[in-house]
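One structure is given below, encoded as structure tokens.
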Amino acid sequence: MVLLKFGTEAQLESMTATSADRNGTLRVPAPLQPHVYAPSESAAQRSSALRRMLATADVLAGALAGLIAALIAAASSGEVLLMAFALAVAWPVTAFVCGLYAFDDLRSWASGVSDAPKLMLAAMLLSWPLYGLLAGLSAPHAVSGALIGCLAVAGSAAVARTVARVHAHHEPRLRQGTLVIGSGAVAHQLVQRLMRHDELGLDPIGFLDDDHEGFVDLPVPALGGLAALPAQLRSGRVDRVMIAFSRAGHEELLNCIRLCRDAGVAVDVVPRLFEFLDGARTVDQIGGMPLLSITSPKFSRLSEVAKRTLDVTLSLLALIVLSPLLLAIAIAIKLDSKGPVLFVQRRSGRGGTFFNLYKFRSMYVGSTVEVRDDGAIVKLAKDDRITHVGSLLRRFSLDEVPQLLNVLRGEMSLVGPRPLVEAEAAVLRDWQERRAHLRPGLTGPWQIAGRSQIPFQEMVKFDYQYVAGWSLARDVEIILATIPVVLGGRGAY
């Protein structure tokens, strides 16, 4: 590994490969008998609680936007209070009409990124009655007030709704006990991802599978075979069932789904070939059989220009806005420890070329060893190599911000595959090398899926899926999804 050293960083983490599925014979257990249950209210209570929190957030956001709009429009003091009250009522109603309270899927519970288009539409719709109200009050600057009020309600609602979701994610009574059917490698990955993504509010409670040989080193307990499902549903602690790969027969798994639906328990199914279903679209039916169509996107010259334009515009804007913060970080690094401000390292870029990647230095210079007073040389613990400022920078990924310079230089993109060091790039083979067809990114699917917690082989799969199914809309979605991940410090090392 070749380093251009302005300070010495830690060595590579171990490259962890995903274990393969086992081979074996299919064992058919006795069929499950149907039971009748009283529907559970857990899922409904969970959705209702989040709706109440979002409604409260919208009322506060509307009131704040009303105050801002009235002040910008130069309304009188009495009219300012009237505008605050009017938008505190009008904004939640508009949000409801635009479907901002209609959610039942895990994605909507975990993040409001998918609501961004609806949020902007609701804000634009509200701008017209807002202008009409200001004009009716004879406000001197009604147009300016309506325009700023529209932007204010969108921004404040986005922030308030994020705070509401964060609060919901930490409410123990709103978390769902999740039972996994299956015990192979995919079931293991599923449980690990549930544990990694705490914002989903899903707590894995155990596995069910008739293949008892699969119950080895499981992160949650084995609760028996499929015949134990009725008893688990009756226990009242199962709010959701996820079906991963299992050797159970088709009819047995269908019966499991029927039992869960009769019990009012939500069911999720991990499909075969799930690695390639990101962005897949549903084709209505062929003879009563639904299909998922996996398209092959074309990365045209126009697409490349659009992606590069997005990179240059946002990175330049970010550097201008963050310049005071960058200066403060540079000063803090110099005051905290001896050594340069920047750490530079060769990374693999587009087409297998290499470039110098910039980061804020977060470790002590020459920090792999320490010389004691008696002359003995000892290795430092991993945490001892990171500076006080560096630990804070890493938690919120602020050490990565200088890579915006790499983006402007055309060596990186805002969104793309993870930039690999030379040792990592050297082990890629065959389809894995497809990840180099696009510029490496400052963020990417690996960032929002777990950051430093993602094993190397799993990260390579994420990168391949991103490159194979690239779209500009997907880039924007990843950028928006990165913000709460970074602010929450999830998966940071």
Side-chain angles (χ1 to χ4, degrees), residues 18-46 104-106 109 172-197 200-275 277 288-290 292:
T18 304
S19 59
D21 286 317
R22 302 175 309 280
N23 296 319
T25 58
L26 176 65
R27 299 192 303 109
V28 180
L32 298 176
Q33 299 300 319
H35 289 71
V36 178
Y37 305 96
S40 170
E41 295 182 357
S42 177
Q45 291 174 345
R46 191 174 190 245
D104 295 306
D105 60 324
L106 295 175
W109 169 269
R173 64 186 180 88
L174 298 180
R175 302 190 67 80
Q176 290 186 324
T178 304
L179 184 66
V180 176
I181 293 180
S183 60
V186 175
H188 280 69
Q189 291 180 44
L190 177 60
V191 172
Q192 289 168 355
R193 295 186 188 193
L194 291 179
M195 292 178 168
R196 187 185 302 152
H197 292 276
L200 291 173
L202 305 181
D203 295 326
I205 60 175
F207 287 83
L208 288 182
D209 201 355
D210 290 315
D211 182 11
H212 295 286
E213 295 179 0
F215 297 138
V216 180
D217 297 328
L218 301 180
V220 293
L223 302 177
L226 298 186
L229 179 59
Q232 290 296 326
L233 295 176
R234 285 196 300 268
S235 70
R237 64 179 188 143
V238 178
D239 302 302
R240 198 173 203 97
V241 171
M242 292 188 166
I243 301 178
F245 293 5
S246 172
R247 293 183 180 144
H250 181 75
E251 288 299 324
E252 293 172 291
L253 293 178
L254 283 179
N255 198 27
C256 289
I257 295 176
R258 295 187 188 106
L259 290 170
C260 293
R261 296 189 69 174
D262 290 342
V265 172
V267 179
D268 302 287
V269 180
V270 179
R272 297 281 178 178
L273 306 178
F274 66 90
E275 293 93 342
L277 296 185
M289 179 180 292
L292 285 173

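We're numbering straight along the sequence, starting at 1. All of these numbers come straight from a predicted model, not from anything done at the bench.
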First locate atom [atom1] of [X], then atom [atom2] of [Y], and finally report the distance between them rounded to the nearest 0.5 Å.
X      : Y      : atom1 : atom2 : answer
Leu179 : Ile243 : CG    : CD1   : 10.0 Å
Ile205 : Arg240 : CD1   : CZ    : 13.0 Å
Leu202 : Arg193 : CG    : CZ    : 14.0 Å
Gln176 : Asp203 : CD    : CG    : 9.5 Å

Among Leu190, Val191, Ile181, which one satisfies side-chain contact (heavy atoms from CB on, under 4.5 Å) with Phe207?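 Testing Phe207 for a side-chain contact (heavy atoms from CB on, under 4.5 Å) against Leu190, Val191, Ile181 leaves exactly one candidate, Val191.
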Taking all non-hydrogen atoms of both residues, which atom of [X] and which atom of [Y] are closest, and how far apart?
X      : Y      : result
Ser183 : His188 : O-CE1, 3.3 Å
Ala187 : Val180 : CB-CG1, 4.1 Å
Leu223 : Gly206 : CD1-CA, 3.9 Å

[X] side chain near [Y] side chain, heavy-atom distance below 4.5 Å:
X      : Y      : result
Leu254 : Arg258 : yes
Leu229 : Val238 : no
Gln189 : Val270 : no
Val241 : Gln232 : no

Main chain of Gly177, side chain of Asp239: is a donor-acceptor contact present, judged purely on distance under 3.5 Å?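 Such a contact is found between Asp239 side chain and Gly177 backbone.
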Is there a donor-acceptor contact under 3.5 Å from the side chain of Asp210 to the main chain of Leu226?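 Between the backbone of Leu226 and the side chain of Asp210 there is a qualifying donor-acceptor contact (under 3.5 Å).
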